[in-house]
Amino acid sequence: MTSRLDDRDRALWHVRCRPDTAPDGHRRILDLLGEYTPLVQPLPPLAALAQLTGTTRLFGVDAGELAQRARLQALARYGIDVHIGVADTWSTAATASARVGRSGVLYLPDHRAAERFLAPLPVQAVHGIGPAQAATLQRYGLHTIAALAAMDETVVCRILGGKAGRTLRARARGLDPRGVTAARMPQSTSASHAFAVDTYDPIRIRAALLDLVVTLAGRIRGRDQVTRRVTLAIRLAGGSTVERTKALPQPSAHTEDLRTAAFRLLDAMAFQRARVRGVTLIAEDLRPADEGPGTQISLDRERENRLLLEPVLDRINHRYGRRLAGPAGAYLKAS
């Protein structure tokens, strides 16, 4: 009996905010989670992990009921709706939070329950799997999480590569060694675009991403800040979200530097014909502009000309309204 209680003491929450939640709303949810446990890890742009070691004993209820309380508090205090997956590992809890019912909470009290939950799901539901990886597994006849979990690890590694194969097969079996790392939310800012209709048009997707780059870069410059890394989150038609993060070579607020990083992240995702529902770009680890590299001599005349044009465009847009002037490729519709 004691062992079972200890297992439930180690329950983990994966908390997702709605896609339209503002960044300050996400911060409020992090503060709320901190009232339940000090082990809270932000997952920008709109998620978080919370490790409930000892918390269920303190409150005298199981982790599922406690999650319901937290969700109701988020609604009552801030008007923010969250979905919470409760499981014994990070990846399983994340998969659960993406598939909760009307209650807003999906509680998997033990590993056996986690295995039963995961088994019938499509292989695309494995946390962290990309569309190209899922398509590759399906070509080999692995259409469900149960099929992936049952396949020999050596075979999966040959299909997906060593590290990716081992990681995704383990997650299909409900295994994930990662723990929660308590951390403060780094100062960040984000911008999102939701398509009116799911799209797989790469031109529209890149135009939307460029628009977000221009928005964030202008906002950061207006605050006299620079960013050290960017995160791209793509929400797919099935409701899942794929995220990738890239550190910049040096802190920057230049549109060109953010665009280069954002487009490389998008290209690395290799979506091909996947239908995209929305795009979010986050500039993270913001610092004062004087912590940036400063003005440096460059032999790239075209880049220098673009950087000299930035403050001119910023002044025009500040005076006459956002995006009066900017890259033509960022406009989804011609006026």
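Residue pairs meeting the salt bridge (charged side-chain N to carboxylate O under 4.0 Å, His left out) criterion with at least one partner in residues 261-271, sequence neighbours excluded, are Arg206-Asp267. Pairs passing the ring-ring contact (aromatic ring centres under 6.0 Å, His included) check and including a residue from residues 46-67, sequence neighbours excluded, read Tyr36-Phe59.
Under a 4.5 Å side-chain heavy-atom criterion applied to ILVMFWY residues, the cluster that includes Val100 comprises Leu106, Leu108, Phe117, Leu118, Leu121, Val123, Val126, Ile129, Leu137, Tyr140, Leu142, Ile145, Leu148, Met151, Val155, Val156, Ile159, Leu160, Leu168 as well. The hydrophobic side chain of Leu72 is isolated, with no ILVMFWY side chain under 4.5 Å apart from it.
Atom-to-atom distance recorded for Arg173:CZ and Thr92:OG1 is 12.0 Å, nearest 0.5 angstrom. The structure places CD1 of Ile220 at 5.0 Å from OG1 of Thr227, a figure rounded to the nearest 0.5 Å. In this structure, OG1 on Thr189 lies 10.0 Å from CD1 on Ile282, to the nearest 0.5 angstrom.
Ion pairing of Arg259 with Asp257 is absent here, as no side-chain N (NZ or NE/NH1/NH2) approaches a carboxylate O to less than 4.0 Å.
A donor-acceptor contact closer than 3.5 angstrom links the side chains of Thr154 and Asp152. Side-chain N/O atoms of Thr21 and Arg18 include no donor and acceptor closer than 3.5 Å.
Contact annotation: the side chain of Phe195 approaches that of Val279 to within less than 4.5 Å [non-hydrogen atoms, C-beta and beyond].
Looking at residues two or more places apart in sequence or on another chain, you find a side chain to side chain donor-acceptor pair (under 3.5 Å) between Asp81 and Arg71. His127 pairs by the side chain to side chain donor-acceptor pair (under 3.5 Å) definition with nothing, not counting sequence neighbours.
With Thr231 as the partner, the side chain to side chain donor-acceptor pair (under 3.5 Å) test is satisfied by one option alone out of Glu243, Arg244, Glu284: Glu284. Under the side-chain contact (heavy atoms from CB on, under 4.5 Å) test applied with Glu35, the options Leu33, Thr37, Leu32 reduce to a single match, Leu32.
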Quiz item: Step by step, would you call Asp110 with Arg112 a salt bridge (Lys or Arg N to Asp or Glu O under 4.0 Å)?
Solution: CA-CA 6 Å; Asp110 52 40; Arg112 184 171 297 177; over 6 Å; no
